[in-house]
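When a residue number appears, it is its place in the shown sequence, counting from 1.
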Amino acid sequence: MLIYFIGPGGAGKTTTGHLLAFQLGGCYDLDEYFMQIEGDISKYIKENGYQKYASRNVQAFLELQAKHKIKKVSIIVCSSGFMTYSDDVHQDYLKIKQEVEHHLFTFLLLPSLDFEACVKETLKRQMGRVYLEDMSAEKEELKIRARFKLYTGLNCKIVLTSETPTLVVSRTLEILGK
């Protein structure tokens, strides 16, 4: 079984993925994997541009998918912008994006379906991350606002992360039939 978590940064994807992995199997975080193979994401983007980062991130995603072949259950936590890249960012991206969106076990994680509440909570979580210290709150808020409609327009299951991580995992397990 392959499970995908998508959504904005700060939605709870990584926390939920790692907690769920204790019960089901392995968890691969695309951001963590990218940093293992390429180093700091912000630095990579500054040196190579966002398009090259996005293209390399799609390739890293494919590498993680290949790792799933050796496990019974794998969770892939996608980067915050993964479902929002331009369709031409990678030769296989459109196919991958459609596959992830329509996969039986793709979960969009959001703190709330209320636009303003989601933006506020997501921004608060993102700005509290130490490793994103050079991030601009204004730019991050604009990014969250722009992507909200894209994410909520996707055809996949939604898990709200406004509750404790343990409850979020329990609700996800219920949806999975576990």
Side-chain angles (χ1 to χ4, degrees), residues 1-18 20-21 25-71 73-110 113 115 118-119 122 126 129 131-132 135 139-159 161 172 175-176:
M1 174 189 313
L2 186 56
I3 300 165
Y4 298 112
F5 285 158
I6 60 173
K13 301 181 306 287
T14 299
T15 300
T16 304
H18 286 301
L20 191 60
C27 179
Y28 301 110
D29 184 291
L30 187 53
D31 286 342
E32 290 172 6
Y33 182 68
F34 189 95
M35 289 186 284
Q36 286 174 4
I37 58 176
E38 297 292 345
D40 181 83
I41 294 171
S42 297
K43 184 177 177 186
Y44 188 94
I45 292 170
K46 283 179 188 173
E47 292 175 0
N48 300 288
Y50 189 78
Q51 281 295 103
K52 187 167 182 182
Y53 156 74
S55 179
R56 180 63 184 102
N57 208 33
V58 172
Q59 188 59 43
F61 174 85
L62 291 170
E63 292 165 18
L64 289 180
Q65 269 191 326
K67 287 181 182 241
H68 163 67
K69 306 283 187 232
I70 58 174
K71 294 195 178 231
V73 177
S74 294
I75 301 159
I76 296 180
V77 176
C78 295
S79 303
S80 64
F82 189 80
M83 297 298 287
T84 68
Y85 299 150
S86 62
D87 290 347
D88 63 348
V89 74
H90 183 279
Q91 65 184 14
D92 297 320
Y93 176 65
L94 192 54
K95 179 180 156 213
I96 293 165
K97 181 178 163 182
Q98 290 171 347
E99 174 189 318
V100 170
E101 177 181 357
H102 298 287
H103 185 69
L104 183 60
F105 298 120
T106 293
F107 296 91
L108 168 62
L109 277 67
L110 292 170
L113 288 176
F115 180 66
C118 183
V119 170
T122 304
Q126 275 294 83
R129 295 182 176 194
Y131 64 90
L132 296 176
M135 180 175 48
K139 284 184 181 179
E140 190 63 20
E141 182 174 346
L142 288 173
K143 187 174 14 173
I144 294 165
R145 287 181 177 282
R147 291 177 177 173
F148 181 85
K149 190 171 184 175
L150 293 170
Y151 277 120
T152 56
L154 294 173
N155 183 26
C156 57
K157 295 167 185 62
I158 297 173
V159 174
T161 59
T172 306
I175 295 169
L176 290 168

**Q.** Option among Thr152, Ile6, Thr161 that satisfies the side chain to side chain contact (heavy atoms under 4.5 Å, CB included) test with Leu110
**A.** Thr152
Q. Would you say Arg147 and Pro8 make side-chain contact, with heavy atoms under 4.5 Å?
A. no
(Q) Please report whether the ring centroid of Phe61 lies less than 6.0 Å from that of Phe34. (A) no
Q) Just wondering, do Leu154 and Leu108 contact through their side chains at under 4.5 Å, heavy atoms? A) no
Q | Rounded distance [0.5 Å steps], CD in Gln98 versus CE in Met83 | A | 9.0 Å
Q. Does the side chain of Tyr33 come under 3.5 Å of the side chain of Glu38 through a donor N or O and an acceptor N or O?
A. no
Q: Sort out for me which residue in Ile75, Leu176, Ile158 forms a side chain to side chain contact (heavy atoms under 4.5 Å, CB included) with Phe107.
A: Leu176
Q: Taking all heavy atoms of Leu113 and all of Phe148, pick out the closest pair and write down the distance.
A: O-CZ, 3.4 Å
Q.
Within the 4.5 Å heavy-atom criterion, are Leu104 and Met1 side-chain neighbours or not?
A. no
**Q.** Electrostatic pair Lys13:Asp29 at N-O distance under 4.0 angstrom
**A.** no
Q) With a 4.5 Å limit on heavy-atom distance, are the side chains of Lys97 and Val100 in contact? A) no
Q) Between Thr14 and Glu32, is a side-chain contact (heavy atoms from CB on, under 4.5 Å) present by the stated rule, with each step listed? A) CA-CA 10 Å; Thr14 299; Glu32 290 172 6; 3.9 Å; yes
Q) Looking at Tyr50 and Gly81, what are the two nearest heavy atoms and their distance? A) OH-CA, 4.3 Å
Q.
With heavy-atom distances below 4.5 Å as the criterion, would you say the side chains of Ser79 and Tyr53 are in contact?
A. yes
Q: With the side chain counted from C-beta on, respond yes when Phe82 and Tyr4 share a heavy-atom pair under 4.5 Å apart, and no when they do not.
A: no
Q: May I ask you to say whether Arg145 pairs ionically with Glu141, meaning some side-chain N is under 4.0 Å from a carboxylate O?
A: yes
Q. With side chains defined as the heavy atoms from C-beta onward, is the minimum distance between Glu63 and Ile37 less than 4.5 Å?
A. yes
(Q) Distance alone, cut at 3.5 Å: any donor-acceptor contact between the side chains of Gln65 and Glu99? (A) yes
